[in-house]
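Reading through the C-alpha cells given below for one structure.
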There are 2 protein chains.
Amino acid sequence: MGRRPTIIDVARVAGVSKTTVSRVVSSNAAPVRAETRQKVLQAIEQLGYERNTLAGGLRTDRTYTVALFIPDIANPFWPEVARGVQDALESEGYAVVLANSDWDADREHEFLAMSRRNRFDGLIINPASVTNEELVANGIPAVVLSLDTDYPDFDVVGSDSYGGTTLALEHLVGLGHQRLGLISGLSRGFQQPSRLTSYVDFLHQHGIPVEDELLVKCPYGQEYGRRSMEQLLSLSNPPTALFAANDILAIGALQAIREAGLRVPQDISLVGMDDIYAVSVTTPALTTVAKQKYELGCQAATFLLEHIRDAAPEHFRRHALPCRLIRRASSAPPS
Amino acid sequence: MGRRPTIIDVARVAGVSKTTVSRVVSSNAAPVRAETRQKVLQAIEQLGYERNTLAGGLRTDRTYTVALFIPDIANPFWPEVARGVQDALESEGYAVVLANSDWDADREHEFLAMSRRNRFDGLIINPASVTNEELVANGIPAVVLSLDTDYPDFDVVGSDSYGGTTLALEHLVGLGHQRLGLISGLSRGFQQPSRLTSYVDFLHQHGIPVEDELLVKCPYGQEYGRRSMEQLLSLSNPPTALFAANDILAIGALQAIREAGLRVPQDISLVGMDDIYAVSVTTPALTTVAKQKYELGCQAATFLLEHIRDAAPEHFRRHALPCRLIRRASSAPPS
DNA sequence: TACGTTAATGGGAACGTTCCCATTGTAACA
DNA sequence: TGTTACAATGGGAACGTTCCCATTAACGTA
C-alpha cells in the first residue's frame, strides 16, 4: 500500500492550499468559509487522511502526551489512581505513558530524561527520590502525587492521611479501646510520616500516654506487617486495637493474629488504610480508611491540564482529598 | 532560559557538521573517527544536548513508543501483565502508552486511530471488539493477548486456560469429587469459551455425565459469581466441588457458600483461576489455577519487538503459557 | 606515478505540519 | 468613488532530525 496521505494531498484534492487544510484540521477558530471547509472535509474523508501528530508536535511543541510516573502499577493502590488519571486525560485527547520507578532513583531520572526527549506536555509523578529542584529543572509542567514531602514549586495532590489516621483512631477509641497499637510504614527518606504524627497528636489530645512499645515502624509489605504484629503480640501487655498504615500491612497483621490463635475483632481490633480490594474479602473483612484513589488521579490530571494550558501560575496548590472510614467486621469493642 | 540546544548547536561547538553529530548520537555503527566522536560527545555534555525524538521520528518513522490496550487496568488481572510488558519494553528504550477500552468498541477504535496518528511502533492488545481485519488495516505491528479468538495474521499470546481448567478438574477428581460445578464466564461475543469446552471434554474422558444444571454462565464479576453459586446451592443435589472461571467469580461463590451457612472446603470445595492477590488472603485461602501474568506481558513484548525489527514474518505464532495449580485451603476431599 | 578503493566528513533535501506574512476580494463607511 | 477594514486564502519558512549523495584524504596496488 502506498504512503499515507498528507495534508498536501488533501489540499490538492480539495483544490485549496495546505494552509487552509491545516486550518480546518486544527480547527481552532480559524476563519474558513463554510463551503471551503466542506470541500476539505470531503477530501479528508475520501483520502482517509489522518493528522501526523509527530510533524505537528515538532512545529508546535505540543505532543498531547502526558507521563504518569509511579512506583509500581502492580501494587494494588496504583491501578485505580492510574485509571483516574487516564480517564481525565484521554477525554481531553491526551495519551498517557506509564512508567514504574520501583523506587529506584536511576530509573526515575531516566524517566525524566525520556519525558524531555519526547517533549511530553506534562507529567504526574509520585516521586521516589526526585527533588523539587530537579523537577523544576526538568522544565515540564508537573503535578506531584504526595503530600508528605516538600514540592513548593508544584501543585501537590494526595490523600489526607493525617486526617484519615485520626478517623481510624477516633473509631477505635469510640469503641472503647485505650491501648492502641500502630504499625507505621517507613517513610522513604523524607520527613516524619503523617500517620505517626497524627497518632501522637491524637493520643496527646485524648490524654492517652504514648508508649513506644506499641509503635512499630517497618517497610510496606505484608511480611513486614506480619512480623511487626508478632512483635506487638509478644508484649506483656499487647494492644487491644491496631491501626496499620496501609492495608497490606494490616493483612500481614491479620495473619499474625490468626497464627497466634487469637481472633479479630474479639481479641484485637484491626483497622487498615487505603481500601484495596483484597481487604473487602478477608475474613473478617477489614475496617479501613478509604482513600479516594480514582479521584486522586482525576484531580492530579485536572491540575496538570490547567498548567499545560495556562502556563505557570504564580502560586501552587496543595490539595488533600479527605479519607473516609469504612466500617467492616474487623473492629469491635474490647471484650 | 533560552531554547533547548539542537544538533546544530552541538555541531558548531564541536566544529563539525550536523551530520557528524547525528552519526554520533544515533551511533549505529556509523564511521566516525574516535577523536571526532570525542569532540562531539564533549560538546553534547557541555551544552546539555538531548535528542528531540519528535524530529527524529518524523524523519525515520520510528517513535520508540508502543501502546498497550487492555480492558481495564483497575481489574486485578492486568497490572501484572502491564508490568511485564513495560519491563520488557523499557529496557529496550521504548515508552509504553496505556489505554483502557472498558470493552467499548468505540473507545477501542479511537485508540487504534490514536496509534496511527502518533505513529506508534507497535501495539499489544487484548481486543474487545476489534477484528483481525481491522487490526491488519491499522497497519501497525501488533501482538494479540488472547487465545480464545481468531487472529490469524498476528502473533497471539495467552494463558492455556483449557489446560488450566483440566488441572483444576483433575485436582478435584483426584480428591474424590464426582459432582463438579462450573461457573463459566461469558465470552465476549466470540467463540466457545475454553474453560467450558475443557470442562465438557474432561467429564467425557472421565466417564462423568455432563449435567446442565451444574453449569452456569455469567458475566465476570463478584456479584455474578455470588448469584450463580446461590443458584447452584439451590439445586436438590448441589455440586460437592466448584471450579470458577476466574478468581473474582470464585470470591463471589465463596460469599454465597458462607451466606448459605456452608463451609469451604468441608461442605464444598472451591477452585478459582488467575491467582490474583486477593485469593491468597481470603479465609480459606483459595486454591487456584495461576496464570503467568507477568510472563504473558514479557512474551508479548518480546514478540512485538521482533516484529518491529524484522518487518513482517510470513507465519504467525501462537504462544500458550501453561497454567500452574496452586493448592491452598479451599479444596479437600468430599466429606 | 597514476588509479581505484575505502574511511571520514559535509551540504542540502526531506519528513509533515504550523506559523508568519502577504495578497485578494468584499463590505462598510465617509 | 475612494478609503479603510476585515474575512478568506495562499506561499514559503521553520521545527530538528536523518538520509542521500558528493567531496576529500589516505592508502595500497599495478
Side-chain angles (χ1 to χ4, degrees), chain A residues 2-41 43-44 47-65 93 114 116-121 139, chain B residues 2-41 43-44 47-65 93 114 116-121 139:
Chain A
R3 73 185 211 312
R4 289 167 157 142
T6 75
I7 211 176
I8 298 185
D9 300 318
V10 175
R12 192 177 311 120
V13 169
V16 299
S17 78
K18 59 186 172 18
T19 306
T20 302
V21 177
S22 173
R23 279 194 260 261
V24 170
V25 301
S26 42
S27 77
N28 39 5
V32 177
R33 207 154 40 108
E35 188 190 343
T36 311
R37 161 168 275 120
Q38 205 48 48
K39 273 194 305 184
V40 171
L41 290 176
I44 286 175
L47 294 176
Y49 166 77
E50 288 177 314
R51 179 173 180 275
N52 181 333
T53 57
L54 250 66
L58 176 60
R59 184 66 235 240
T60 59
D61 243 317
R62 295 289 304 274
T63 54
Y64 285 89
T65 303
M114 174 178 87
R116 280 178 263 129
R117 287 193 304 265
N118 287 33
R119 301 293 191 268
F120 293 155
D121 289 341
Chain B
R3 73 186 214 308
R4 291 171 156 135
T6 75
I7 212 175
I8 298 185
D9 300 318
V10 174
R12 192 176 312 120
V13 169
V16 298
S17 79
K18 59 184 172 20
T19 306
T20 302
V21 177
S22 173
R23 279 194 260 263
V24 170
V25 301
S26 41
S27 78
N28 37 8
V32 177
R33 206 152 41 107
E35 187 189 346
T36 312
R37 163 169 274 122
Q38 205 47 48
K39 274 194 303 185
V40 171
L41 290 176
I44 287 175
L47 294 176
Y49 166 77
E50 288 178 314
R51 178 172 180 275
N52 181 335
T53 57
L54 251 66
L58 176 60
R59 185 64 234 244
T60 59
D61 243 317
R62 297 287 304 274
T63 55
Y64 285 90
T65 303
M114 174 178 88
R116 280 178 264 127
R117 287 194 302 267
N118 287 31
R119 302 291 192 269
F120 291 155
D121 289 341

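By convention in this document, chain letters (A, B, ...) are assigned in the order of the sequence lines, proteins followed by strands, and residues within each chain are numbered from 1. Not measured: the values here are computed from a predicted model. Every heavy atom of this structure was used, including side-chain atoms; hydrogens, water molecules and symmetry mates were not.
If you measure from atom CZ of A:Arg62 to atom C1' of D:dG16, you get 19 Å, rounded to the nearest angstrom. Put simply, CZ on A:Arg33 is 10 Å from P on D:dG10, counting in whole angstrom units. In this structure, A:Lys18 atom NZ and C:dG16 atom P are separated by 13 Å, rounded to whole Å. Note: CG (B:Asn118) to P (C:dC15) measures 20 Å, nearest angstrom.
Looking at which nucleotide of DNA chain C each of A:Thr6 and B:Arg37 is closest to, the 5′-most match is held by B:Arg37. Nucleotides of DNA chain C nearest to B:Val21 and B:Leu58 differ in position, and the one nearer the 5' end is that of B:Val21.
The base of C:dG10 sits within donor-acceptor range of the side chain of B:Arg23, with an N or O pair under 3.5 Å. The base of D:dG16 lies outside donor-acceptor range of the side chain of B:Arg4, with no N or O pair under 3.5 Å. Between the side chain of B:Arg59 and the base of D:dT18, at least one donor-acceptor pair of N or O atoms lies under 3.5 Å.
Residue contacts shown for A:Thr19 include a base, since a base heavy atom lies under 4.0 Å away. Among the atoms of the strands shown, only primed sugar atoms or phosphate atoms (P, OP1, OP2) are found under 4.0 Å from some heavy atom of A:Thr36.
Distances from the side chain of A:Thr20 to the nucleotides C:dT9, D:dG10, C:dT17 place D:dG10 closest. The side chain of B:Ser26 lies closest to D:dT18 when the candidates are C:dT18, C:dG10, D:dT18.
The overall bend of the helix from C:dT1-D:dA30 to C:dA30-D:dT1, read as the angle between its terminal helix axes built from five base pairs each, is 50° when rounded to 10 degrees.
Here the OG1-CZ distance, from A:Thr53 to B:Arg116, works out to 12.5 Å after rounding to the nearest 0.5 Å. Atoms CZ and OG1, from A:Arg119 and A:Thr60 in turn, are 12.0 Å apart once rounded to the nearest 0.5 Å.
Test B:Val40, B:Leu41, B:Val16 against B:Val10 for side-chain contact (heavy atoms from CB on, under 4.5 Å) and you get one pass: B:Val40.
In this view, A:Arg59 satisfies the side-chain contact (heavy atoms from CB on, under 4.5 Å) rule with no residue, not counting sequence neighbours.
Counting heavy atoms from C-beta on, the side chains of A:Asn118 and B:Thr65 come closer than 4.5 Å.
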Review item, nucleotides 23-25 of chain D N/O atoms under 3.5 Å of protein N/O:
none

